[in-house]
Structures are given as structure tokens and as C-alpha cells.
Amino acid sequence: MFFLSTLVPLDAAAYNWIAAHRSCTVTNLFLSEWPLGSLIVLSVLTLMWLGYQRRWTEGTHGVVLIVLGSLFAELLKTLFERARPSTLPPLFTGNSFPSGHTVGAFLLAGTLGYFLLQQRTTIWKKGIGGSVLLVCVAAVIWQRLYLAHHWVSDIVGSALFASAWFCFAAVRPPGRSLARHFAPACVGFALAYPLFHYVPHIRVALPSVMSRTQQPLLSFSFGDVPSPAIFQGTWGEQSHEPAGSIMWMYYGEASVKVELPARQAYVMQFAVRPAIANKEHGCFPLDISMNHAPVQRVFLSRGWRRYEVTLDPALLNPGANTLTFRTWTNPSSEPAVAVAFRQLALFVEAGN
């Protein structure tokens, strides 16, 4: 926690790399909860097997370890306030640290692996079982990063917390009952959670990529632009949503004129929401070009998100520039809205 601020550049680099290499095929693969669901199914089958062998104490120990550890993760998420990568103020989607999915995956896999190592079976069977658990954990971690639900430092902290809790809870001293073993943790949770939940001013704000202090060179809200003349193409009506004033873009091509003082590298941030209603179709390609030269294809996720694109100085001109957004083919023959735009900001890239 003390060195968390030093990991913020790593968070930004990993987030931007994933955003630049995202594809709809991989996105749709990880939209479902199959990695964590697989671990839950394996845990239920293991619990049934322990019950069949009447090993009630071991089964109860594993269940309490996982449930109480997950509750402590929620306690920490209430204590530490940190914006998710997908958060767009003033909308709130829950604190980012720690990752409940990551903690749950580590605890489920750790408990299953602990039981597996205690079995009298061949080493290759244990190796296969351990590999399956590792693949599921790795898939959960990649899912949380790829879908922009958590930062890399969230995953690191979640893994450290889950490991620490597992080391405390997995091994019970001889002669100590389960009730005595977990009593301090239960009492601590019962006292701390209501305190942090109902007294918000004692919570701790953690550093994040979202807390950018650099002032933008250019910034405007699409729903409050004073000069409509800068817009060309398939722009639609302006309206208001909980995220603020917005402007809709219809399927096709729409552009906006931006004034730049010099030819240098800029970082463009823009907040948008694609017209996607179903979670099963959570990927929307949006092509971006500057002065009619391609910049990047961005795959938009469902809901309001903030996206970041680096603009090559070779594509820019001092003075007026044309920033163009292009959608994929309209699935309907009638005009239809495609993307809602909220904000756009340009920053001078660090080092320029």
C-alpha cells in the first residue's frame, strides 16, 4: 500500500497496451464468468466428495476459509476508495481495490490445491489438477484486466491479500477448534465493516491513473459545445444522461474540427457509450482518423467508458485539424444511433 503510487505508471501502460490490442473475438470469449464459474463447480464437487466420505470438518474448514476471505475482500473494498478503469465521473461502479474475483479465484484454487496435495495419488494426476487450477486463476486475472474492471496493481494487491489470508486460515493448530480458529477474524469483520460502511470520511483514497493532475490543452463536452459549426457528418441530437450532457452519433462517419498549436505528440481522451443493450454483445468497433489518415480502431465496451489514443505528430497540422470517427455497417436500413459522446480532451504527451 505504501508503494502503490509507484505502480500507477505500470497500471497506465498495461491499460493502454490492452486497449490498443483488444479484439471483439477475445472480448466476447471473456464476457462470461466461465473461469471463476469453473472453480466454483470444482469446489462444489470437492465439497460433495468430502461429504460422501464424511469428512465434515475439512469441508467446513474450506467453506469458511473461502467465504470469510471473500468477505474481508469486500471490507477492504469498502475501506479503500479507488476508481476502476471503467469509471466515468459522476457515475460510480464500485471501488477497484481489491479485486473480488481475483481474491475469490485465489482462495478457491488454493483450497482445492491444498486438498489435492493431501491425496494419495500419483504425481502426474496432481500435476494435471494443479495445472487446471492455475489456468482458471490466470483466466480470471486476464479477464479482469482485459475487460478494464481492474488495474494491474489491484491484481497484485489482491493476490498478496489472498495469499496472506490463506496462510493464516488454511493451517489450524492441533487441538484448536474451527470456532476458536476463525473467531478473531469474524469479530474483526463484524466490528470493522459497519464502521467503514457508515462512516465514509474515514475511508482511504488510493492513487490511481484516473486521478490525472495534468491540465488538458483542449477540453470540451459534446453536449455543451458553443459552436456547432465544428461538427460535420452524422452527428445527431444533444441530450442529457446521468453522465452529463451528450451528443449522439449515427452510424456512418462524423468529424469534429480541433485547433492545435503545434505539431507534436498528443494523448486524446474521450468518453463514449456505444448503443449496446445486451452484455453478450459488448464489443463495438470505432475507427478513428486524423486528417483522413487512420489512427486506431478502438473496440468500445458496453456502458460509459473513457478511452485513450496517442496521436502521431506526423498526422497533425498546426492550426485546424479534422478528427473523424467511423462506425461499422448499420445493421438496420433506417438511421440509427451508434455512439453517445460525452467528453473529449487533448493532453501533451509526457516528454514533449
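Nothing here was measured: the structure is a model prediction, and the numbers come from that model.
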Can you tell me how far apart [atom1] ([X]) and [atom2] ([Y]) are? Round to the nearest 0.5 Å.
{"X": "Leu133", "Y": "Leu42", "atom1": "CG", "atom2": "CG", "value": "6.5 Å"}
{"X": "Glu253", "Y": "Thr324", "atom1": "CD", "atom2": "OG1", "value": "5.5 Å"}
{"X": "Thr327", "Y": "Tyr250", "atom1": "OG1", "atom2": "OH", "value": "12.5 Å"}
{"X": "Leu47", "Y": "Arg55", "atom1": "CG", "atom2": "CZ", "value": "11.5 Å"}
{"X": "Thr310", "Y": "Asp312", "atom1": "OG1", "atom2": "CG", "value": "9.5 Å"}
{"X": "Ile18", "Y": "Leu147", "atom1": "CD1", "atom2": "CG", "value": "9.5 Å"}

Determine whether a donor-acceptor pair (N or O, by modelled atom type, separation under 3.5 Å) exists between the side chain of [X] and the backbone of [Y].
{"X": "Asn321", "Y": "Gly319", "answer": "yes"}
{"X": "Thr111", "Y": "Leu108", "answer": "no"}
{"X": "Trp235", "Y": "Ser255", "answer": "yes"}
{"X": "His21", "Y": "Trp17", "answer": "yes"}
{"X": "Asn291", "Y": "Leu315", "answer": "yes"}
{"X": "Gln238", "Y": "Phe222", "answer": "yes"}
{"X": "Lys126", "Y": "Leu117", "answer": "yes"}
{"X": "Gln119", "Y": "Phe115", "answer": "yes"}
{"X": "Arg84", "Y": "His149", "answer": "yes"}

Do [X] and [Y] have side-chain atoms, one donor and one acceptor, less than 3.5 Å apart?
{"X": "Lys257", "Y": "Thr322", "answer": "yes"}
{"X": "Arg342", "Y": "Ser221", "answer": "yes"}
{"X": "Asn16", "Y": "Glu308", "answer": "yes"}

Quick one: closest heavy-atom pair of [X] and [Y], and the distance?
{"X": "Leu112", "Y": "Ser43", "answer": "CD1-OG, 3.6 Å"}
{"X": "Leu68", "Y": "Ala185", "answer": "CD2-CB, 3.7 Å"}
{"X": "Ala83", "Y": "Trp151", "answer": "O-NE1, 3.0 Å"}
{"X": "Val103", "Y": "Pro98", "answer": "CG2-CB, 4.5 Å"}
{"X": "Asn95", "Y": "Lys77", "answer": "ND2-O, 2.8 Å"}
{"X": "Pro261", "Y": "Pro318", "answer": "O-CB, 4.2 Å"}

Salt bridge or not for Asp11 and Arg82, using N-O below 4.0 Å?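 Judged by the 4.0 Å cut-off on N to carboxylate O distance, Asp11 and Arg82 do form a salt bridge.
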
Can you find a pair of side-chain heavy atoms, one from [X] and one from [Y], that are under 4.5 Å apart?
{"X": "Leu346", "Y": "Val267", "answer": "no"}
{"X": "Val272", "Y": "Arg305", "answer": "no"}
{"X": "Glu81", "Y": "Val204", "answer": "no"}
{"X": "Leu311", "Y": "Gln264", "answer": "no"}
{"X": "Gln53", "Y": "Glu58", "answer": "no"}
{"X": "Gln269", "Y": "Phe347", "answer": "yes"}
{"X": "Leu344", "Y": "Met268", "answer": "yes"}
{"X": "Arg22", "Y": "Tyr146", "answer": "yes"}

Between His150 and Phe97, does the ring-ring contact (aromatic ring centres under 6.0 Å, His included) criterion hold? Intermediate values first, please. CA-CA 8 Å; His150 290 281; Phe97 180 82; 9.0 Å; no

Treating Ile, Leu, Val, Met, Phe, Trp and Tyr as nodes and any side-chain heavy-atom pair under 4.5 angstrom as an edge, say whether [X] and [Y] lie in one connected cluster.
{"X": "Val187", "Y": "Phe182", "answer": "no"}
{"X": "Leu191", "Y": "Phe168", "answer": "no"}
{"X": "Val199", "Y": "Phe80", "answer": "yes"}
{"X": "Val171", "Y": "Leu65", "answer": "yes"}
{"X": "Leu286", "Y": "Phe299", "answer": "no"}

Passes side chain to side chain contact (heavy atoms under 4.5 Å, CB included), Leu300 versus Arg273? Steps please. CA-CA 8 Å; Leu300 308 180; Arg273 177 178 72 82; over 6 Å; no

Going by side-chain contact (heavy atoms from CB on, under 4.5 Å), Phe106 matches just one of Ile141, Val140, Leu160. Which one?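 For Phe106, the side-chain contact (heavy atoms from CB on, under 4.5 Å) test succeeds with only one of Ile141, Val140, Leu160, which is Ile141.
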
Checking side-chain contact (heavy atoms from CB on, under 4.5 Å) between Ser96 and each of Ser153, Pro85, Ser208, which is the one that passes?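 In the set Ser153, Pro85, Ser208, the residue that makes a side-chain contact (heavy atoms from CB on, under 4.5 Å) with Ser96 is Pro85.
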
Who passes side-chain contact (heavy atoms from CB on, under 4.5 Å) against Thr78, sequence neighbours left out?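 In terms of side-chain contact (heavy atoms from CB on, under 4.5 Å), with neighbours along the sequence ignored, Thr78 is linked to Tyr193, Phe196, His197, Arg203.
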
Counterpart residues, side-chain contact (heavy atoms from CB on, under 4.5 Å), relative to Pro173 (two or more places apart):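 Result, side-chain contact (heavy atoms from CB on, under 4.5 Å) vs Pro173: Arg176, His181.
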
For atom NE2 of His292, is the number of surrounding heavy atoms from other residues, nucleotides or ligands below 6.0 Å larger than 12?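 Incorrect, the count does not exceed 12.
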
Ring centers of Phe341, Trp248 separated by less than 6.0 Å: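 Centroid separation for Phe341 and Trp248: 6.0 Å or greater.
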
Please determine whether side chain to side chain contact (heavy atoms under 4.5 Å, CB included) holds for the pair Arg172 and His61, giving the CA-CA distance in whole Å, both sets of side-chain angles, and the decisive distance to 0.1 Å. CA-CA 9 Å; Arg172 178 164 50 96; His61 189 174; 4.1 Å; yes

Audit row: Val339, Phe325, side chain to side chain contact (heavy atoms under 4.5 Å, CB included) steps and yes/no: CA-CA 10 Å; Val339 183; Phe325 301 96; over 6 Å; no

Would you sort out whether Asn317 and Arg263 count as a side chain to side chain contact (heavy atoms under 4.5 Å, CB included), showing the intermediate values? CA-CA 6 Å; Asn317 299 317; Arg263 176 177 289 176; 3.3 Å; yes

Parallel, tilted or perpendicular, judged at 30° and 60°: which one describes the rings of Tyr114 and Phe166?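 The arrangement is perpendicular - the two ring planes meet at more than 60°.
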
Aromatic rings Trp165 and Phe72: how do their planes relate, parallel, tilted or perpendicular, breaks at 30° and 60°?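 It falls in the tilted class, 30° to 60°.
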
